[in-house]
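Nothing fancy with the numbering, it's 1 onward along the sequence. The basis for the numbers below is simple: all heavy atoms, side chains too, and nothing from hydrogens, waters or symmetry mates.
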Amino acid sequence: MEVGGEEFAVGVVISAKTTLGEEFEGQIVSFDRPSNLLEGVGRAERGERRNVRVIKANYIQDFTVVGKYDDPLDPAACVLDLAAIHAREEAALRQAEIEAERIGVGVTPEAQRLFDALSKTLPVQWNKTDIVVMKEVRVCSPYLPENVSGGTSAANERVKKVLDFERKRLHVRVPGQF
């Protein structure tokens, strides 16, 4: 497909219909001949978000040239909410750190499964290879009820009970693993 002798010239605004019957209008931002990919942005008023569309040129059934603008990527016309982008980045980094703290280093897969199971009902964290529950009860390797220490007797008994239950439950779900 050619536009005025040029293949999908950058800056040209087209109105197109795809082979699936979808119609859209947008300005061509780039066209990659080897992959036959066309990238365009939808029209928007100043300050509004614009849709970006990437489509294989062979899926365009018909198009007409609406107009041509000089620079489709003019920074003055592009709107990026940098505060929102930075906030999303910070939230993603915080979430990644939280998830990384939940992975035990130098522990067996069984220990990690027990940690994950305990974390569903109790607040837990790793302290090297020990599981610390409710910031006071410690479960040491091999993570049996008799390896539970610290904390009040009620907290200690609660952790032993949950640990025993989770070991039995995991043993039933994953035979041959324990």
Side-chain angles (χ1 to χ4, degrees), residues 1-129 131-135 166 169-170 173-174 177:
M1 298 195 161
E2 294 186 359
V3 176
E6 298 179 28
E7 287 188 343
F8 293 118
V10 172
V12 171
V13 177
I14 63 169
S15 177
K17 182 177 182 179
T18 69
T19 56
L20 300 173
E22 183 182 5
E23 295 182 15
F24 65 92
E25 185 174 304
Q27 185 175 19
I28 297 174
V29 176
S30 67
F31 176 66
D32 182 53
R33 180 188 278 259
S35 64
N36 207 26
L37 285 176
L38 174 72
E39 179 184 12
V41 293
R43 290 190 146 180
E45 296 298 319
R46 178 106 175 107
E48 289 183 12
R49 293 182 177 182
R50 299 180 348 167
N51 290 331
V52 176
R53 180 183 303 262
V54 178
I55 188 170
K56 288 281 241 184
N58 20 337
Y59 289 110
I60 296 177
Q61 182 178 14
D62 188 31
F63 72 94
T64 56
V65 176
V66 176
K68 178 163 174 51
Y69 298 104
D70 291 333
D71 188 2
L73 298 177
D74 180 14
C78 292
V79 178
L80 292 177
D81 185 354
L82 292 178
I85 292 170
H86 288 300
R88 285 182 62 192
E89 178 186 27
E90 288 297 320
L93 287 172
R94 280 192 304 274
Q95 185 62 35
E97 288 171 356
I98 289 168
E99 290 172 8
E101 289 174 359
R102 300 182 54 77
I103 299 172
V105 178
V107 299
T108 64
E110 174 192 3
Q112 186 64 53
R113 282 192 297 272
L114 285 170
F115 179 92
D116 293 341
L118 284 168
S119 71
K120 292 177 183 174
T121 57
L122 297 167
V124 294
Q125 62 188 41
W126 285 107
N127 183 352
K128 298 185 181 167
T129 59
I131 300 172
V132 179
V133 185
M134 300 182 291
K135 296 185 180 181
E166 292 298 342
R169 190 176 67 80
L170 289 172
R173 275 189 32 208
V174 190
Q177 291 289 321

> For G11, does its backbone N or O pair with a side-chain atom of Q27 as donor and acceptor, under 3.5 Å?
Replying inline: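 Answer holds: yes.
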>> Suppose we screen for salt bridge (Lys or Arg N to Asp or Glu O under 4.0 Å). Which residues come up paired with E23, at least two apart in sequence or across chains?
In response: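 Not a single residue meets the salt bridge (Lys or Arg N to Asp or Glu O under 4.0 Å) criterion with E23.
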>> For R102, give me all partners under salt bridge (Lys or Arg N to Asp or Glu O under 4.0 Å), at least two apart in sequence or on another chain.
In response: none
Result block: side-chain N/O donor-acceptor pairs under 3.5 angstrom for residues 83-97, not counting sequence neighbours:
residue: Q95; atom: NE2; partner: E99; partner atom: OE2; Å: 3.0

Measuring from atom [atom1] of [X] to atom [atom2] of [Y], what distance do you get when rounded to the nearest 0.5 angstrom?
| X | Y | atom1 | atom2 | result |
| --- | --- | --- | --- | --- |
| I55 | L20 | CD1 | CG | 8.0 Å |
| L38 | I60 | CG | CD1 | 5.0 Å |
| T18 | N58 | OG1 | CG | 12.0 Å |
| I28 | F63 | CD1 | CZ | 7.0 Å |
| M134 | L118 | CE | CG | 10.0 Å |

So which atom in [X] and which in [Y] form the shortest heavy-atom distance, rounded to 0.1 Å?
| X | Y | answer |
| --- | --- | --- |
| S30 | V10 | CA-CG2, 4.1 Å |
| E166 | A117 | OE1-CB, 3.2 Å |
| N127 | V132 | CB-CG2, 3.7 Å |

>> Would you say that more than 12 heavy atoms from the other residues, nucleotides or ligands in this model lie under 6.0 Å from the NZ of K56, or not?
In response: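 It does: K56 NZ has more than 12 such atoms within range.
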>> Can you list everything that forms a side-chain contact (heavy atoms from CB on, under 4.5 Å) with D116? Sequence neighbours excluded, please.
In response: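 For D116 the side-chain contact (heavy atoms from CB on, under 4.5 Å) partners, ignoring immediate neighbours, are Q112.
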> What residues, two or more places apart in sequence or in another chain, satisfy side chain to side chain donor-acceptor pair (under 3.5 Å) together with T64?
Replying inline: none
> What ring pair (Phe, Tyr, Trp, His ring centres under 6.0 Å) pairs are there with at least one residue in residues 105-125, not counting sequence neighbours?
Replying inline: F115-W126
